[in-house]
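Structure, as structure tokens:
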Amino acid sequence: MQSRASEIGAGAVEPPTALQLFTGFLALGLTGFGGVLPMSHRMLVEKRRWLSDAEFTDLLGLCQFLPGGNIINLSVAVGLQFRGIRGALAAIIGLIAGPSLILIGLAIVYGHYENNVTLQHVFAGLAAAAAGLLGATALKIAAPLRSKPVPIVIALLCFGAIALLRLPLLPTMLILTPLSIFAIWKYTS
Amino acid sequence: MIALLMALAGIFSELSLLAFGGGNTILPEMQRQVVEIHQWMSARDFSAMFALAQAAPGPNMMVVTLVGWRVAGWAGVLVTSLAKFGPSSILTGIALHGWKRYKDAPWRPIVQAGLVPITVGLVGASALLIAKASDHSIAMTAVTAVCALLSWKTRLHPLVLLAGGAAIGLIGLG
């Protein structure tokens, strides 16, 4: 990979320092409610202009392809591109430090009141809503599978193996992922 | 304590490398390990932790931090965070170098599309498991169904839906 300095054309902003990477992702982690993805485009492309639109799409494509959270991977990739391993560490620690501390604070409070019936009801409601959000996410991701019966069957098999039979993830993925890739390859060729 | 931390490290580093399609896909396996195999917390507590992480700011998978905290305090937080975010980050660093070469390779979109049915199945499984642990009344099942529908079909902010669910829980329908 070329160094960023040579890629940045005239008129572009200075490449960020490790400290700027840390503070940029810190702010992102603390403001991203309900998913950080939309906020990250605003921060990286529009506000701080560390990446062009095309670079953002390109890097996000890589991060979605790899295992791990998209934004976590994105912070590592951006940090690494600008400032090497130091930059990657600054970016990912910035991203998760704030939310981690907030959540530990909330977990301590939760721990004090976990036998409180009212709090249990609030959390039941919260979790029920969170389950609904997950369901909607699954439906949204499933959109490109419409009219493709074999991938739909594979999605259902995966759901059944994990949710109903409670099989371990690793063997399930080792069997179903190659099948799925083969099925998609058949559809496209 | 060391054995506990080693177990956390093993579980979360495996999850780190299996999380294709983002953090929500590994929730069922995390729950299986944390609740069913190691019995570190109840299914209800796990759902509550997940919901708490969703309602707080930050990336998707911060439930990892909470599991570490509940199981082994600060040491648990450190170990789970390193195990969950380390391996996938190293992989990202390695892949970044090859990406320019592979992003236009003909197999890449096929592999990526091939992962979609797996992701759909896993995120669907996450939804069912979280719902099962919290939906003990018709009202709560309705909250799950309505939130799914609204989030799917409208552009309502997820926080609005989470707040709505919490409010319905608060008035005693949980």
Side-chain angles (χ1 to χ4, degrees), chain A residues 1 29-36 62 65-73 76-77 80 92 99-100 102-104 106-107 121-139 141-142 144-145 151 154-155 158-159 162-163 166 169 173 176-177 180-181 184-185 188, chain B residues 17-20 22-23 28-29 47-48 51-52 54 56-62 65-66 69 85 88-89 91-93 95-97 99 110-114 117-121 123-128 130-131 134-135 140 143-144 147-148 151-152 158-159 161-162 165-166 168-170 174:
Chain A
M1 174 136 296
L30 290 174
T31 47
F33 282 92
V36 183
L62 168 70
F65 186 64
L66 295 170
N70 297 334
I71 300 304
I72 303 274
N73 290 347
V76 172
L80 206 56
I92 189 173
S100 294
I102 290 176
L103 277 175
I104 290 168
L106 291 172
H121 283 167
V122 169
F123 269 91
L126 199 58
L133 296 180
L134 281 173
T137 304
L139 290 170
I141 307 171
L145 303 186
I154 291 173
C158 181
F159 175 83
I162 296 294
R166 299 300 275 138
L169 180 60
M173 280 187 78
L176 289 180
T177 309
S180 181
I181 292 169
I184 296 287
W185 176 68
T188 44
Chain B
L17 294 174
L18 290 180
F20 287 96
E29 178 72 6
S47 280
L52 190 61
Q54 292 307 101
N60 244 334
M61 261 302 100
M62 298 310 295
T65 312
L66 285 176
W69 173 258
F85 301 125
S88 55
S89 297
L91 195 61
T92 303
L96 196 57
H97 292 279
W99 185 239
I110 295 173
V111 172
Q112 196 149 14
I118 309 296
T119 305
V120 170
V123 177
S126 299
L128 183 74
I130 296 297
S134 50
D135 293 4
M140 287 296 105
V143 166
T144 300
C147 280
S151 172
W152 185 31
L159 266 191
L161 298 171
L162 290 170
I168 290 172
L170 179 65

With a 4.5 angstrom heavy-atom cut-off, which part of L106(A) approaches chain B: side chain, backbone, both or neither? both

Determine the option with the most heavy-atom pairs under 4.5 angstrom with chain B, choosing from G135(A), G69(A), A107(A). A107(A)

Can you tell me which portion of L66(A) sits under 4.5 Å from chain B's heavy atoms? Options are side chain, backbone, both or neither. both

Which atoms of M62(B) approach chain A - backbone, side chain, both or neither, heavy atom under 4.5 Å: both

Among L176(A), I154(A), I72(A), L30(A), which residue forms the greatest number of heavy-atom pairs with chain B at distances under 4.5 Å? I72(A)

Count the heavy-atom pairs under 4.5 Å between each of G93(B), A48(B), S126(B), G23(B) and chain A, then report the option with the highest count. A48(B)

Side chain, backbone, both or neither of I102(A) within contact of chain B (heavy atoms, under 4.5 Å): side chain

Which one, I71(A), T177(A), T31(A), leads in non-hydrogen pairs under 4.5 Å with chain B? T177(A)

At a heavy-atom separation under 4.5 Å, does I141(A) approach chain B through its side chain, its backbone, both, or neither? both

Best-contacting candidate, V111(B), L161(B), D135(B), L91(B), against chain A by heavy atom pairs under 4.5 angstrom: V111(B)

I need the residue from L103(A), I92(A), N73(A) with the largest number of non-hydrogen atom pairs under 4.5 Å to chain B. L103(A)

Please classify the contact between S88(B) and chain A as side chain, backbone, both or neither, with a heavy-atom cut-off of under 4.5 Å. both

Which bit of L128(B) is near chain A, if near means a heavy-atom gap under 4.5 Å: side chain, backbone, both or neither? side chain

Residue from P67(A), A77(A), A127(A) scoring the most non-hydrogen pairs under 4.5 Å with chain B is P67(A)

Looking only at heavy atoms and a cut-off of under 4.5 Å, which of A163(A), P144(A), A128(A), A130(A) has the most pairs with chain B? A128(A)

